[in-house]
Amino acid sequence: FTSSTHTPHARSLPPPCVSRLGTHARAKMAAMAASHAAVTARAFGASASLKGAKGGAKGLAAASPGSIRRRAPVAAAGDAGGVRVGPLSDAEVVRTARPEYIPDRISDPNYVRVFDTTLRDGEQSPGATLTSKEKLEIARNLAKLGVDIIEAGFPIASPDDLEAVRQIAKVVGNEVYPDGYVPVICGLSRANKRDIDASWEGVRHARRPRIHTFIATSPIHMEFKLRKTPDEVVKIAVEAVTYARSLGCVDVEFSPEDAGRSDPIFLHRILTAVVEAGATTLNIPDTVGICLPTEFGELIAGIKANVPGQFVISTHCQNDLGLSTANSLAGVANGARQVECTINGIGERAGNASLEEVCMAIFMRGQEKIFGTYTSINPVYIYPCSKMVREYSGMAVQPHKAIVGANAFAHESGIHQDGMLKNKLTYEIIAPETIGYFRGDGDVGVVMGKHSGRHALKSKLKQLGYPLEGEALDEVFNRFKLVAEQKTGGMVDDEIIALVNSEAAGGDSSEVSWKLEEVQVVCGTMGLPTATVKMTGPDAITRVNATVGSGPVDAVYKAIDGLVGIKVHLVEYSVNAVVEGIESLAQTRVAIRPDVQQLPAGRTAVMKANVQTGSVEARTFMATGADTDIVVASARAYVSAINRMISFMRAAEASRAAEEAAAGRKQDEVAAAAAAAPAAR
């Protein structure tokens, strides 16, 4: 069902419930069902060798593109002595095979490309600011996950965004895996030359660069936002695609923004025009999340039937009505062979289609219910990627979130618990180990408390997916001992994870500008709340400040502001108990925004352009803190957020200085060459 040779008025796909699989495809499905059963058996505790599936890695490598079908990396194989309780190393994971990458076609008609836009659309979430280093680490993990395309950012938004995209293209876009896989690195641009130039500058260093350009096509957007006629919009779109191809980019994606509310006839017209101009992927966005699955499926089928040429159809579904996953799957069922999504579903407003939901739905039901479709996602990396995005972005995941939520594999009902004790398959359709979530075997008999040593904590952290070493482990261990001494009954996994996240929120130790040493507050009904804060600055000098406030947290924050000397606005503040009980750790989440008016001259890196409106606004920085004391947890979160902001500005300034130095050297070389020319003559 790939868009390989489109002819107008071609018959659209039948409803998903109608089977069109031939005998050969059914045989493949049966083989894949056996493969999935084997993986599930391993994940649920059956004894098997790590690469014991028929054919193993060699079988995957030898498979031809036409015969490739989904093969999950082994997530939790049983060892000779029992069930594995910790994450696999990268070397142990059997990566899923995929067809050869060709921009405008897919050799296997059942293969679905995964386009991840966490670093672009996901970062547009209010407060989800990421540093260049964090973006690079997320991109590397997305490559482990096996996404086909990484949309690394919106390069024109700011110099730091451009540098982040460039760095990802140079590093991740050139890291070729043993199986030949390397992700496509994509940059977003509006339909104008300035944006497209910035996008190409960012992605051109990758082995497989892609430019993604867009313009709105719905009547309301054309009339009120663009103030353009339909003819003018078509002309702009064609010129944008033509210009992108003229730069040497052979992989160009075009999106008609707000396609869900666009006139289908006009949509077919503009898409036909951009394909003729050289677009290789047509992405169909339900920008405001207004479509129902049946509507969106018909929209995709109509494009497939009425737009001639060779291209891949893509979906981009927002979640305003909670239908982004359903709409994405409806698009796949009707011929789309690329899905755009984000880790944890983060994004503008209500978010995007969730990568873990869409990919696991195809993984579990694609062969049987969506015409044999499959992706090359390696599910065992889903949970680690989800954790990393949650920690770096500061965007919490709701407990009942499908696949990666805290309650996704929790069972409290007595009936459910009874079934789980008898057979885990009674209430779990996915083994948690399949997505890289290792809950252990009764916590492997280890209770973490004040008497636990460094090695025990290291083992526990590795089991929970945090393989810390060196200074990072030392810092978490020191915090763990301080907190454990104040608690009776030990610390549960969620509290340990909260501690790790609290330590990681401010970046690594080399990036921390301010370190919180001590906090003391006096508050109550008698007198003004007073806070005394002791901190060590980037110059290694320890300073103390005491301030009064409207409450203990307000007083602490004012004392910190006085020491740091940077004025910020508190945008969001929340505190929650990590577990039940009065002794639970408190986890505080804050979001801050710099006071642009009081920033030193030239520090414009904290400003970014909105991808849709073009307006410039200050970035928001989020962080979390955890402690048994709510005030201390609040202080830790606030300091971590400030450190993130300072680290971001430093990196941006260093990047800008490097660019200016390079430009200066280039000018000197040009001047020297010009001076030498007369002498040569």
Side-chain angles (χ1 to χ4, degrees), residues 103 115-121 123-124 130-136 138-140 142-143 149-175 182-215 236-237 239-255 277-281 283 604-605 607-612 614 616 619 648 651-670:
F115 179 112
D116 182 272
T117 183
T118 302
L119 298 176
R120 200 278 301 171
D121 204 341
E123 205 206 8
Q124 287 179 220
L130 300 168
T131 66
S132 296
K133 181 178 179 181
E134 290 168 341
K135 289 180 181 179
L136 180 61
I138 291 174
R140 277 181 160 149
L142 290 173
I149 302 102
I150 298 174
E151 189 166 50
F154 182 42
I156 198 66
S158 71
D160 186 71
D161 283 82
L162 173 58
E163 180 56 32
V165 174
R166 185 189 290 121
Q167 187 180 23
I168 290 170
K170 288 180 176 179
V171 178
V172 182
N174 285 280
E175 288 179 344
V182 61
V184 174
I185 306 300
C186 177
L188 182 71
S189 64
R190 290 164 297 194
N192 64 68
K193 289 185 177 181
R194 184 168 171 267
D195 277 32
I196 293 170
D197 283 337
S199 184
W200 180 239
E201 173 56 33
V203 303
R204 68 183 178 85
H205 307 279
R207 284 174 176 258
R208 293 173 178 167
R210 175 186 289 193
I211 293 175
H212 180 189
T213 187
F214 72 96
I215 191 170
I236 292 170
E239 288 175 349
V241 172
T242 302
Y243 182 67
R245 289 298 299 257
S246 74
L247 296 175
C249 183
V250 298
D251 193 353
V252 178
E253 177 173 332
F254 174 76
S255 290
T280 53
T281 299
N283 179 51
T604 58
M607 308 301 292
K608 68 174 180 178
N610 185 289
V611 67
Q612 294 176 330
V616 178
R619 298 175 184 270
F648 182 91
E653 288 172 0
S655 174
R656 184 164 53 249
E659 288 184 358
E660 291 174 353
R665 287 194 297 270
K666 189 173 182 180
Q667 289 180 353
D668 292 342
E669 291 172 1
V670 171

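Scanning all heavy atoms of the two residues, the minimum distance from Ala152 to Leu119 falls at O-CB, 3.7 Å. Of all non-hydrogen atoms in Pro103 and Val250, the two that sit nearest each other are CB-O, 4.1 Å. Across Leu130 and Phe648, no two heavy atoms sit closer than the pair O-CE1, 3.5 Å. Nearest heavy atoms, Gly153 versus Arg120: C-CG, 3.4 Å. Nearest heavy-atom pair across Ala143 and Ile150 is N-CD1, 4.4 Å.
Evaluation of the salt bridge (Lys or Arg N to Asp or Glu O under 4.0 Å) rule for Asp161 yields Lys135, Arg619 as partners, not counting sequence neighbours. Qualifying salt bridge (Lys or Arg N to Asp or Glu O under 4.0 Å) partners for Arg208, counting only residues two or more places apart in sequence or in other chains: none. Legend: residues meeting salt bridge (Lys or Arg N to Asp or Glu O under 4.0 Å) with Arg245, ordered by chain and number and at least two apart, are absent. Judged as a side-chain contact (heavy atoms from CB on, under 4.5 Å), and not counting sequence neighbours, the contacts of Ala169 are Ile185, His205, Ala206. Residues forming a side chain to side chain donor-acceptor pair (under 3.5 Å) with Ser189 (at least two apart in sequence, or on another chain): none. Looking at residues two or more places apart in sequence or on another chain, you find no side chain to side chain donor-acceptor pair (under 3.5 Å) involving Ser199.
Using modelled atom types and a 3.5 Å distance limit, the side chains of Tyr243 and Asp197 yield a donor-acceptor pair. Between the side chains of Ser158 and Asp160, no donor-acceptor pair of N or O atoms lies under 3.5 Å.
Residues Arg204 and Leu247 form no side-chain contact, since every pair of their non-hydrogen atoms from C-beta on lies 4.5 Å or further apart. Inter-residue side-chain proximity for Glu201 and Pro155 is flagged as unmet; no heavy-atom pair is nearer than 4.5 Å.
Put simply, the side chain of Thr280 gets close to the backbone of Val252: a donor and an acceptor are under 3.5 Å apart.
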